[in-house]
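Worksheet for the structure shown next.
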Amino acid sequence: MKTLVTNIELLAGIGTELRKEGAAMGSVSTLKDAWLLIDGEHIAGFGSMSEGLPGGADETVDAAGRMVIPAFCDSHTHAVWAGSREREFEDKIRGLSYAEIAANGGGILNSADLLHATSEDELFCQSMVRVREMMAAGSGSIEIKSGYGLSTEDELKMLRVIRRIREAVPAVIKATFLGAHAVARGMQRSDYVRLVCNEMIPAVATEGLADFADVFCEEGFFTPEDTAQILETAARYGLRPKLHANQLAVSGGVQVGVAHGALSVDHLERTTQAEIDCLKGSGTMPTMLPGASFFLREPYGNARGFIEAGLGIALASDYNPGSSPSGDMRFTMALGCIQMRLTPEQAFNAVTINSAYAMGVSNIAGSIAPGKLANIIVTKPAFNTLGTLAYLHHTPFIESVILRGKKFF
Ligand code: NIG
Ligand code: FE
């Protein structure tokens with residue numbers, strides 16, 4: 001099946017580079033008055049309307065007055081969870097901090113209790129609602145973490161649900177094992193780290209359930225030493241790190257992540273020059289989660305500092321019940337512009353190609369290039385510049401989302 005999209009006012013996000021860094025983050029390759037050819041699940045080609053159209057299309061979609069962009073890539077989510085933590089939302093409004101709620105036994109432990117009491121089928125149904133909502137909002141690649149299980153059995157339950165989601169949806173789904181998200185109730189940290197290393201990681205690897213390993217390297221959660229131990233074990237089982245670091249304090253997580261070849265280090269609300277220096281020349285993508293800063297009223301982090309130092313950054317939603325209950329990447333992009341003072345081009349690259357890199361899919365997604373998956377968004381008329389996406393931040397902008405060559409929404 002070949003689909004030809006014609007009269008595209010602006011085709012944006014063209015390119016084959018696997019990530020963008022420094023000054024290159026400020027530019028987005030575009031073509032005005034363009035066509036795009038989709039062959040099956042993939043992009044077959046694109047060109048200018050004035051140069052003539054390719055033959056052989058089975059159907060034609062007229063995108064006059066509209067923009068076509070790559071679907072968003074969301075490299076950091078916790079989209080599989082059970083129930084709701086709305087009560088804690090009210091606690092936060094009354095003045096408790098995220099760290100105080102966690103220290104009182106709420107937070108992640110609360111989600112772990114709810115998940116324990118929920119069957120795998122029910123967890124799948126609840127999570128699919130969110131994943132469908134994310135795809136309808138334009139996400140074509142989604143990373144999902146475990147980490148609300150906190151026992152071998154429940155971590156496996158979460159990862160099996162992620163596998164079922166991968167089989168059920170057209171979006172590219174990557175799975176991350178985050179057993180070290182919090183210390184399970186009633187356990188000592190050192191015993192829990194041993195359980196993660198000796199039992200959980202081997203069990204996860206035996207079933208081939210995860211692509212990556214993550215640790216919440218944070219004050220009050222896991223130390224850099226715990227993190228190193230877990231990442232060394234994970235590496236023996238072929239799991240590359242993607243870390244939570246520097247959300248609530250300067251945790252040392254960036255340094256541990258880079259030392260262990262992490263694909264990304266995420267959060268970075270609190271970073272110093274030492275973290276920026278450490279990331280230079282590495283293959284690790286600094287990833288920021290402005291939805292969590294927004295919801296927790298935390299600092300947004302020094303995104304421009306990273307870029308000025310020649311690094312790239314990715315932006316992701318962090319969709320989760322405790323610190324970022326939104327999986328809307330357009331909102332993430334708008335926060336990048338409004339609160340982190342990224343240009344629309346920088347924010348766009350951060351939610352497409354760089355976020356694709358941060359989840360290991362920038363060879364197949366994140367830009368418009370022949371051979372890549374046909375994961376694209378067709379905008380409504382009036383959205384014909386990248387700036388309008390962030391500027392008109394909540395005006396509905398999606399006309400359709402095409403995933404693997406088929407109209408999803
Ligand atoms: O990325 N910080 C750790 N993990 C999530 C929050 C998880 C939760 O509160 O449920 C985050 O913000
Ligand atoms: Fe997170």
Side-chain angles (χ1 to χ4, degrees), residues 74-89 91-92 96-116 123 126-127 130 134 142-150 154-155 158 162 174-185 212-222 226-227 241-249 251 253 257 262-270 285-301 314-327 329 332 335 355 358-359:
D74 195 347
S75 64
H76 182 139
T77 88
H78 308 251
V80 169
W81 78 78
S84 162
R85 303 230 305 267
E86 197 184 315
R87 182 93 54 84
E88 291 174 14
F89 175 53
D91 290 341
K92 283 192 201 92
L96 286 185
S97 71
Y98 182 78
E100 283 163 345
I101 290 169
N104 292 342
I108 295 164
L109 296 180
N110 193 351
S111 282
D113 293 342
L114 289 163
L115 188 131
H116 182 68
L123 186 61
Q126 289 187 20
S127 306
R130 294 179 204 116
M134 293 162 89
I142 302 169
E143 181 260 16
I144 310 177
K145 300 174 194 296
S146 72
Y148 294 124
L150 310 184
D154 287 339
E155 285 294 308
M158 284 191 81
I162 299 172
K174 289 283 176 183
T176 299
F177 167 67
L178 174 57
H181 198 190
V183 176
R185 274 193 211 285
F212 306 109
D214 194 346
V215 176
F216 193 13
C217 182
E218 196 61 59
E219 214 170 72
F221 291 84
F222 296 92
D226 300 332
T227 306
K242 275 172 67 61
L243 280 193
H244 280 73
N246 295 36
Q247 179 181 15
L248 308 170
S251 68
L263 188 54
S264 72
V265 284
D266 302 16
H267 271 292
L268 312 176
E269 284 87 333
R270 293 172 165 87
M285 178 64 72
T287 298
M288 308 180 85
L289 312 168
S293 303
F294 171 76
F295 189 77
L296 299 181
R297 280 184 241 100
E298 290 282 341
Y300 281 85
L315 296 177
S317 75
D318 198 17
Y319 197 11
N320 78 74
S323 67
S324 185
S326 163
M329 285 295 281
T332 303
L335 288 175
S355 197
M359 59 184 290

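This one's a predicted model, so the numbers in the text were calculated from it and none came from an experiment. Atoms within each ligand, like the ligands themselves, are counted from 1 in listed order.
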Closer than 4.0 Å to some heavy atom of H76 - which atoms of ligand 1 meet that? 1 (O)
For S75, which of S317, S355, S264 qualifies under side chain to side chain contact (heavy atoms under 4.5 Å, CB included)? S355
Nearest heavy-atom pair of L178 and F216: which atoms, and what distance? CD1-N, 3.9 Å
Report the nearest protein non-hydrogen atom to atom 11 (C) of ligand 1: residue, atom name, distance rounded to 0.1 Å. D318 OD2, 3.1 Å
Donor-acceptor pair, N320 side chain versus G322 backbone, under 3.5 Å? yes
Of the side chain and backbone of H267, name the one, both, or neither that has a heavy atom under 4.0 Å from an atom of ligand 1. side chain
Just wondering, is there an N, O or S atom on H244 that's nearer than 2.8 Å to the Fe ion (ligand 2)? yes
Over all atoms of both residues, closest heavy-atom pair of G327 and D74: O-OD2, 4.3 Å
Looking only at heavy atoms of W81, does any of them come nearer than 4.0 Å to an atom of ligand 1? no
What atoms of ligand 1 come within less than 4.0 Å of a heavy atom belonging to I108? 7 (C), 8 (C), 9 (O), 10 (O)
Do R87 and N110 come within less than 4.5 Å of each other through their side chains, counting heavy atoms only? no
Should you measure from each heavy atom of Q247, which atoms of ligand 1 turn up under 4.0 Å away? 2 (N), 12 (O)
Distance filter under 4.0 Å to Y148 heavy atoms, resulting ligand 1 atoms: 7 (C), 8 (C), 10 (O)
Can you tell me if an N/O/S atom from D266 lies under 2.8 Å from the Fe ion (ligand 2)? no
Spacing of CD belonging to E86 relative to CG belonging to D91, to within rounding of 0.5 Å: 11.5 Å
Which atoms of ligand 1 have any heavy atom of R85 under 4.0 Å away? 8 (C), 9 (O), 10 (O)
Give the atoms of ligand 1, by number and element, whose distance to some non-hydrogen atom of S323 is under 4.0 Å. 5 (C), 6 (C), 11 (C), 12 (O)
If you round to 10 degrees, what value do you get for the angle at the Fe ion (ligand 2) between H78 atom NE2 and D318 atom OD1? 90°
When the ring planes of H78 and H244 are compared, do they come out parallel, tilted or perpendicular, using 30° and 60° as the limits? tilted
Do side-chain atoms of S251 reach the backbone of N246 as a donor and acceptor pair under 3.5 angstrom? yes
Tell me, do L114 and Y148 make a side-chain contact under 4.5 Å, heavy atoms counted? no
One finds that the ligand 1 atoms under 4.0 Å from a non-hydrogen atom of H181 are 3 (C), 4 (N), 5 (C), 7 (C)
min-distance protein heavy atom vs atom 5 (C) of ligand 1 -> H78 NE2, 3.5 Å
Using 30° and 60° as the class limits, which term best fits the ring planes of H76 and H267: parallel, tilted or perpendicular? perpendicular
For N320, atoms of ligand 1 separated by under 4.0 Å from a heavy atom: 5 (C), 6 (C), 7 (C), 8 (C), 9 (O), 10 (O), 11 (C), 12 (O)
Close approach, Y98 and ligand 1, non-hydrogen under 4.0 angstrom: yes
